[in-house]
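A short worksheet on the structure shown next.
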Amino acid sequence: MNTQNRPYFRSTDYIGSTRYRKLSMASLVIAIDGPAASGKGTLARKIAERLGFAYLDTGAIYRCTAHYLLRELGADADDTAAAIKAAEYVRDHLNAEMLSNPDLRVEDVARATSKVAANEKVREILLNAQREYAKAPPEVNGLPTGGAILDGRDIGTVVCPAADVKLYVTASTEIRAQRRFDELALKGEKVIYDDVLSDMAERDQRDSERSVAPLKPAADAFIIDTSNESPKDVLSRAIDIIRGHLAEQVAKNAP
Ligand code: CDP
């Protein structure tokens, strides 16, 4: 593979990795999907920390695309040609700095993201980078890692249908809207709960009803409802599921 054209796998790599490296042993792939503010990002980060795995927030890749379209191309989210141009730019220039830009998190970018992400060509352009990350995760803190965690909407169904463990993290719309509202209020943004709720419901509907890679649990995903659970409880449930999977593998491979 030509790593020259994959700037996001170069020296300033994601989560402290020092250089792109193919692992000689098979590494574990954990797919986490779910709607907005379900807690999947928090869970993914915590599992990655606990297990020393590489973590890719695939939503940030789509957000970068919408961000480039709005802020650099000055286009409208419904402009298909601009969305494709933006996706190609992101594919060719993706790096850790782009993915952590705080401007990706503002609500107009979130709204535009779910429109841009419904475009089949955009998804096709961005698919390979996600699959390659899962197949050969970058080092974490200078060490080869035992696995990759990807979170998004279609990781268990489209990006990594053969993932070792699939989690689908969800919560009621009202609770998710309250979480997003608290998050925005904490950042000092003046927001109205009802607006956050209706924006979120609209985005969920678009994500679930689109014809390409809609948000839905894979048939073999474990569903985790975080409505009434603390992040700590959610983490320990997920770790139990992963442990269960590993124990099954050990039993299967026993002589
Ligand atoms: O943080 P939040 O859950 O609100 O959003 P996100 O995970 O950053 O994703 C933003 C948007 O990107 C979603 O509303 C989806 O439309 C899109 N997305 C997608 O289509 N496929 C993915 N694998 C990840 C995100």
Side-chain angles (χ1 to χ4, degrees), residues 29-45 55-70 77-78 83 86-87 90-91 94 98-131 133-134 148-161 163 166-173 175-184 187 189 191 195-218 221 224 226:
V29 176
I30 301 176
I32 306 186
D33 292 301
S38 55
K40 63 185 186 310
T42 306
L43 177 64
R45 260 183 213 99
Y55 165 56
L56 182 64
D57 168 4
T58 67
I61 300 177
Y62 288 98
R63 283 174 184 264
C64 281
T65 306
H67 187 264
Y68 188 81
L69 172 137
L70 294 177
D78 298 313
V90 169
R91 177 195 60 197
L94 195 58
M98 265 167 88
L99 290 170
S100 57
N101 179 358
D103 200 31
L104 298 182
R105 304 280 141 200
V106 301
E107 285 306 290
D108 73 317
V109 173
R111 218 172 302 126
T113 302
S114 78
K115 290 187 181 168
V116 162
N119 182 312
E120 190 169 8
K121 184 81 179 119
V122 164
R123 302 197 75 86
E124 197 187 303
I125 291 166
L126 300 172
L127 180 61
N128 226 13
Q130 299 171 65
R131 286 202 172 140
Y133 189 98
I149 303 181
L150 285 83
D151 83 10
R153 301 291 187 285
D154 61 338
I155 309 303
T157 51
V158 175
V159 179
C160 303
K166 297 178 188 174
L167 306 175
Y168 187 86
V169 181
T170 189
S172 75
T173 313
I175 287 185
R176 292 187 291 108
Q178 187 64 48
R179 287 178 188 162
R180 185 52 46 92
F181 173 81
D182 293 344
E183 209 176 282
L184 294 169
K187 280 199 264 176
E189 288 187 35
V191 278
D195 291 348
V196 175
L197 178 68
S198 64
D199 259 14
M200 185 168 283
E202 194 190 309
R203 189 146 70 89
D204 284 350
Q205 190 179 8
R206 207 163 26 232
D207 287 349
S208 310
E209 291 180 0
R210 68 186 177 209
S211 57
V212 49
L215 167 68
K216 64 167 185 214
I224 301 181
T226 68

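All ligand and atom numbering here is 1-based and tracks the order in the structure.
Annotation for ligand 1: atoms under 4.0 Å from non-hydrogen atoms of Arg203 are 4 (O), 5 (O), 10 (C), 11 (C), 13 (C), 14 (O). Close approach of ligand 1 to Ala37 (heavy-atom distance below 4.0 Å) involves ligand atoms 3 (O). The atoms of ligand 1 that sit less than 4.0 Å from any heavy atom of Gly152 are 22 (C), 23 (N), 24 (C). Numbered from 1 in the order shown, with element, the atoms of ligand 1 that lie under 4.0 Å from a heavy atom of Asp207 read 13 (C), 14 (O), 15 (C), 16 (O).
With Arg153 as the fixed residue, the salt bridge (Lys or Arg N to Asp or Glu O under 4.0 Å) test singles out one of Asp57, Asp204, Asp207, Asp33: Asp207.
The nearest protein atom to atom 17 (C) of ligand 1, hydrogens excluded, is given as Ala117 CB, 3.8 Å; this is a heavy-atom distance. Closest to atom 20 (O) of ligand 1 among all protein heavy atoms lies Arg123 NH1, 2.7 Å. Among protein heavy atoms, the minimum distance from atom 11 (C) of ligand 1 is reached at Thr113 CG2, 3.4 Å. Among protein heavy atoms, the minimum distance from atom 25 (C) of ligand 1 is reached at Gly59 CA, 3.5 Å.
Within the 4.0 Å heavy-atom criterion, the part of Arg180 lying near ligand 1 is the side chain and not the backbone. Here Arg105 has side-chain heavy atoms under 4.0 Å from ligand 1, and that is the only part of it that gets that close. With a heavy-atom cut-off of 4.0 Å, Arg210 touches ligand 1 through its side chain alone. Contacts between Ala118 and ligand 1, counted as non-hydrogen atom pairs separated by less than 4.0 Å, are absent for every part of the residue.
The line from CD1 of Ile32 to NZ of Lys166 is 13.5 Å long, rounded to the nearest 0.5 Å.
Between Glu107 and Arg111 there is no salt bridge, since no side-chain N of the basic residue sits under 4.0 Å from a carboxylate O of the acidic one.
Take Glu183 and apply the side-chain hydrogen bond (donor to acceptor under 3.5 Å, both in side chains) test, not counting sequence neighbours, and it matches Arg180.
When side chains are defined from C-beta on, Met200 does not count as touching Leu197, because their heavy atoms never get closer than 4.5 Å.
Residue-environment remark: CD (Glu120) stays at or below the threshold of 12 foreign heavy atoms within 6.0 Å.
For ligand 1, the polar-atom distance check finds an N/O of Thr58 within less than 3.5 Å of one of the ligand's N/O atoms.
Side chains of Arg179 and Thr226: a donor-acceptor N/O pair is present below 3.5 angstrom, by distance only.
With Arg63, Arg153, Lys40 as candidates, the residue nearest to atom 8 (O) of ligand 1 on a non-hydrogen basis is Arg63.
Between Gln130 and Leu56 the shortest heavy-atom distance is CA-CD2, 4.2 Å. Nearest heavy atom pair, residue Gly156 against residue Ala218, reads O-CB, 3.8 Å.
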